[in-house]
Novice: 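To start, I am sharing the structure in question, which I have written as structure tokens.
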Amino acid sequence: MSTLALFGGEPAISQPLKPFNSIGKEELQAATEVLESGVLSAYIGAKGDAFMGGEKVRKFEAEAAKYFDVKHAIVVNSWTSGLIAAVGAIGIEPGDEIITTPWTMAATATAILHWNGIPIFADIDPDSFNISPDSVEQLITPKTRAILAVDIFGQSADMKALRDIAQRHNLKLISDTAQAPGALYQNKYAGTLADIGGYSLNYHKHIHCGEGGVLVTNDDQLAERLCLIRNHAEAVTDADTPEDLCNLLGYNFRLGEIEAAIGSAQLKKLKTQVSSRQQAAKELNEGLNKLEGLRTPQLSKGCTHVYYVYGITLDTISLKVSRKKIINALKAEGVPSLMTGYANIHLLPLFQNKIAYGTKGFPWSSPYCSTDFDYKKGACPIAENFHHNDFLGISLCMFEFEHKDTQNIIKAFKKVWDNLDKL
Ligand SMILES: *Cc1c(COP(=O)(O)O)cnc(C)c1O
């Protein structure tokens, strides 16, 4: 049996992986064309034709709407902007509660706080890492206005169950599908089953244009409100006042023409990008699923997975080895882009101290807020255990995972597993 690299042996992976790069001549040509035109953005904040942006923005939107099979695709300068626009568009009041998951990046929850809404954190499902519909149901109060689900790691949340809860309690449903463009849920694209959903186009996602986002909805009224929030709503309400002025404090969330043109080129590559990650995941599954105390990613019923992250669950109790030791050994063998999941948003200082705006505890301290949700440790036991003990992820968007790479990673895992008693 070969010695672990941790103890001076030869590492299983001796060559670094090829960094992921999907930018090619199509994107170069798209960007050059915009630069040569001199029109890097064509938006005007006043009502009129240019309110909806320039040629490349509209082209990209039409292509995205067709691709994801939705009535409206609305592009924005980041998916964080998209989330903020989505929460504003559904018309929440200060103090309203939105139930979301703690097992995500901070923007999911801060988008709610931007409108002085109160994020409430449901626990996650241990198989999919997505928000647990049962946990959501238990947290509904008269103040609940919406559910903000996240299709974490590349697989859709249980939209049928969430839709059903939303309908019974008259809630809106928003889908943060930042990590899962191209994933299917019952043959529909993830993100399109909510009232509003959408995708991130930042550098680390499946397809990207540097920074950007795409909102998708089939609701005409919500689409109009999203476009207003994207582009200085208050500048147009004089000329053409929408009936509902709630939250029409506009921002500048406009995507530039260069990014939109690159977005169009990238959309054509989504299928290839996704299938290369699915192939890597399939190979990893085949190599890793016999290892004791390790569970490879589970597919939810009716779903395809696009593997933004390859999420492994460890049974550290039966393994009798801490995850930290396992990670150190795998790292020494050269396994790239290992991660321990998400730190659980409810445990961030922002929520522990309940201070978002100013220093006096706003919005929780305001008379509009009546929530008694406690952001205490232990509020989401499954998500917390994963972060502290039992989750081990490999980010598949950081490198090109070719066949030889997945085989080397499997070799490294097997070597570490053969030596667990020595760790
Ligand atoms: C990346 C990401 C975001 C933020 O997207 P940006 O385009 O970087 O603003 C939000 N939610 C999740 C789950 C993400 O992975």
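Counting starts at 1 for both ligands and their atoms, following the listed order.
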Novice: N/O to N/O below 3.5 Å, does that happen between T80 and ligand 1?
Specialist: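 Min N/O separation from ligand 1 is below 3.5 Å for T80.
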Novice: Could you tell me, atom by atom, which parts of ligand 1 come under 4.0 Å of a heavy atom of G212?
Specialist: 7 (O)
Novice: Please report the interatomic distance CG(L392) to CZ(F386), rounded to the nearest 0.5 Å.
Specialist: 12.0 Å
Novice: Of all the heavy atoms in S81, does at least one lie under 4.0 Å from an atom in ligand 1?
Specialist: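 Contact absent.
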Novice: Any atoms of ligand 1 less than 4.0 Å from a non-hydrogen atom of T104? List them with their elements.
Specialist: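 Contacts of ligand 1 toward T104, numbered from 1: 13 (C).
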Novice: Look only at interatomic distance and state if N202 has a nitrogen or oxygen under 3.5 Å from any nitrogen or oxygen of ligand 1.
Specialist: yes
Novice: Can you list the ligand 1 atoms lying under 4.0 Å from a non-hydrogen atom of S78?
Specialist: 7 (O), 9 (O)
Novice: Kindly say whether the aromatic ring centers of F399 and F20 come within a distance under 6.0 Å.
Specialist: no
Novice: Walk me through whether Y43 and F51 qualify under ring pair (Phe, Tyr, Trp, His ring centres under 6.0 Å).
Specialist: CA-CA 6 Å; Y43 277 103; F51 184 72; 7.8 Å; no
Novice: Return the residue, atom name and 0.1 Å-rounded distance of the protein heavy atom closest to atom 7 (O) of ligand 1.
Specialist: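 Atom 7 (O) of ligand 1 sits closest to the protein heavy atom S200 OG, 2.7 Å.
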Novice: Residue-level breakdown please: for D176 versus ligand 1, do any non-hydrogen atoms fall below 4.0 Å on the side chain, on the backbone, on both, or on neither?
Specialist: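 The side chain, only.
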Novice: Distance check, rounded to the nearest 0.5 Å: L284 atom CG versus I394 atom CD1?
Specialist: 5.5 Å
Novice: Checking N202 side chain against H204 main chain: does a donor-acceptor pair fall under 3.5 Å?
Specialist: yes
Novice: Out of E211, H204, K205, M105, whose heavy atom is nearest to atom 1 (C) of ligand 1?
Specialist: K205
Novice: Report, in ascending order of atom number, the atoms of ligand 1 lying under 4.0 Å from any heavy atom of V150.
Specialist: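 Answer for ligand 1: 13 (C).
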Novice: Would you call the rings of Y307 and H305 parallel, tilted or perpendicular if under 30° counts as parallel and over 60° as perpendicular?
Specialist: parallel
Novice: Have Q279 and H403 got a donor and an acceptor in their side chains that come within less than 3.5 Å?
Specialist: no
